[in-house]
S.K.: 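Let me begin by handing over the structure; questions about it come next.
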Amino acid sequence: MWKGRLAIIALLAVSLLSGLSMLTVGGASDDQLEVYSWWTGPGEEEGLAAMAEAFEAANPGIRFVNAAVSGGAGSNAKAILASRLLANDPPDSYQRHAGLELLDDVRSGKVRDLTELYEQQGWRKVFPKGLLDNLTIDGKIYAVPVNIHRANLIWFNPRTLRELGLPGPPKTWSDFLAQAATIQAKGKVPIAVGPEWTQKHLLETVLLGELGADSYERLFSGDLRWTSPEVTAALDTFGKVLAVSDVKSAAGEWQPQLDRVVEGSAVYAVMGDWSSSYLEQAKKLQWRDGYDVATSPGTQGVYDFLSDSFTLPSGARSPDLSRKWLIECGSAAGQNLFNPLKGSIPARTDAEAGLYRGYLGWTLQQWRDPKTRIVGSLTHGVVANNAYNAEIDSALGLFVQHGDLGKFAGTVQQQFEETR
Ligand code: GAL
């Protein structure tokens, strides 16, 4: 109850502040660029800060205004952005994921067609076709991808595994559940989770691991029902995984979720590879030594991808300036500056592989391997539109309370049909 009220008060305050800034700033837009994202805090903000600096250096006299709103996976930023767009107060560029997340903005005319910019910059040749398809609606391209992130990863501290005598990270979810019994007997939490979106991220990887890539895709295209025996079995596994997590006491964001793994009170965490940036830069840990990572159980050879992209909003105050930012996002120099700091790999296919070391080198090789099976993330906007994703959020929030799988599956199936 209080949480809800606080969220509403915070939302009103931010809307008011953005309204005020519009009053004071409105019109004087040629000397500043307002970029909207949710990249704040350690592991999130470093890449953006480097791009901001490069932008200001390349555009003397223009101030980069960082309008980031905290909350992992855009959990707060997306709601506040929606109110700004509704009030026709767009930033000069905003973050969206490639995929169905972009669709509403295109359909409601909130973003401008970037096809010409793509032609001019030769970008059709440098981004992978599958990614371009996820940015194209009715033949027009609407956003510029700055990176590729991976969602299907399980993070751990190798020292904890050694101390517990565990042979290595689990290869399947049933392997994980077997390990969980040993881990609990030794007084530790088998898997750490954070806020609701991290639980959905976990759900996505359990579904992928249990169903396999084909059925995962069929689930989100509507060819496989949430209430089918196959999905029911996968959801049952998810329920068991959640039951050995710290969901009851989980608080804070994805960084504290990983902190528990680093400190050793929890053994595993499923999270995207922005974690590598946090673990290396904020926690000063080295891949394979202070921390380690494997593909999440059951997903070997699969790359559950997402891509952070930037848009040119309709009604942006200075579209030429916004385009300069987009050009930086799409350029090889911009991508190579941003990605090693962000813990992601470049969206461009021609970026220099040598810059990506440690974990990033490992994952880049898999991304580029033609044998790797690529699927899109649920939590991070690729395979579900915003309305459907929001309905899954509500149903999942309730499921965590009541634990009724049938009810959860039935609601999500119905919402799929209603929001498509
Ligand atoms: C994702 C986003 C990533 C990272 C993560 C955690 O949605 O694409 O870049 O920021 O959320 O906030």
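Indexing begins at 1, ligand by ligand and atom by atom, following the structure's order. Position 1 is the first residue of the sequence, and the numbers go up from there. The basis for the numbers below is simple: all heavy atoms, side chains too, and nothing from hydrogens, waters or symmetry mates.
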S.K.: Going by the angle between their ring planes, with limits at 30° and 60°, are Phe127 and Tyr118 parallel, tilted or perpendicular?
M.R.: tilted

S.K.: Could you tell me whether Asp350 and Lys125 have a side-chain N and a carboxylate O separated by less than 4.0 Å?
M.R.: no

S.K.: Pick out the protein N or O atoms lying less than 3.5 Å from any N or O of ligand 1, and list each pair with its distance.
M.R.:
residue: ligand 1; atom: 7 (O); partner: His97; partner atom: NE2; Å: 2.9
residue: ligand 1; atom: 7 (O); partner: His380; partner atom: ND1; Å: 2.7
residue: ligand 1; atom: 8 (O); partner: His97; partner atom: NE2; Å: 2.7
residue: ligand 1; atom: 8 (O); partner: Asp308; partner atom: OD1; Å: 2.5
residue: ligand 1; atom: 8 (O); partner: Asp308; partner atom: OD2; Å: 3.3
residue: ligand 1; atom: 9 (O); partner: Trp39; partner atom: NE1; Å: 3.2
residue: ligand 1; atom: 9 (O); partner: His149; partner atom: NE2; Å: 3.4
residue: ligand 1; atom: 9 (O); partner: Asp308; partner atom: OD1; Å: 3.4
residue: ligand 1; atom: 9 (O); partner: Asp308; partner atom: OD2; Å: 2.7
residue: ligand 1; atom: 9 (O); partner: Lys342; partner atom: NZ; Å: 2.8
residue: ligand 1; atom: 10 (O); partner: Trp38; partner atom: NE1; Å: 3.4
residue: ligand 1; atom: 10 (O); partner: Trp39; partner atom: NE1; Å: 3.0
residue: ligand 1; atom: 10 (O); partner: Glu44; partner atom: OE1; Å: 2.6
residue: ligand 1; atom: 10 (O); partner: Glu44; partner atom: OE2; Å: 3.2
residue: ligand 1; atom: 10 (O); partner: Lys342; partner atom: NZ; Å: 3.4
residue: ligand 1; atom: 11 (O); partner: Trp38; partner atom: NE1; Å: 3.3
residue: ligand 1; atom: 11 (O); partner: Ala73; partner atom: N; Å: 3.3
residue: ligand 1; atom: 12 (O); partner: Glu44; partner atom: OE2; Å: 2.4
residue: ligand 1; atom: 12 (O); partner: Ala73; partner atom: N; Å: 2.8

S.K.: With sequence neighbours left out, what residues match Phe55 under ring pair (Phe, Tyr, Trp, His ring centres under 6.0 Å)?
M.R.: none

S.K.: Does anything in residues 263-272 pair up under side chain to side chain donor-acceptor pair (under 3.5 Å), and if so which pairs, sequence neighbours excluded?
M.R.: Gln179-Tyr268

S.K.: If the condition is ring pair (Phe, Tyr, Trp, His ring centres under 6.0 Å), which residues does Phe408 pass it with, not counting sequence neighbours?
M.R.: Phe399

S.K.: Over 60° means perpendicular and under 30° means parallel, so tell me whether Trp197 and His380 are parallel, tilted or perpendicular.
M.R.: perpendicular

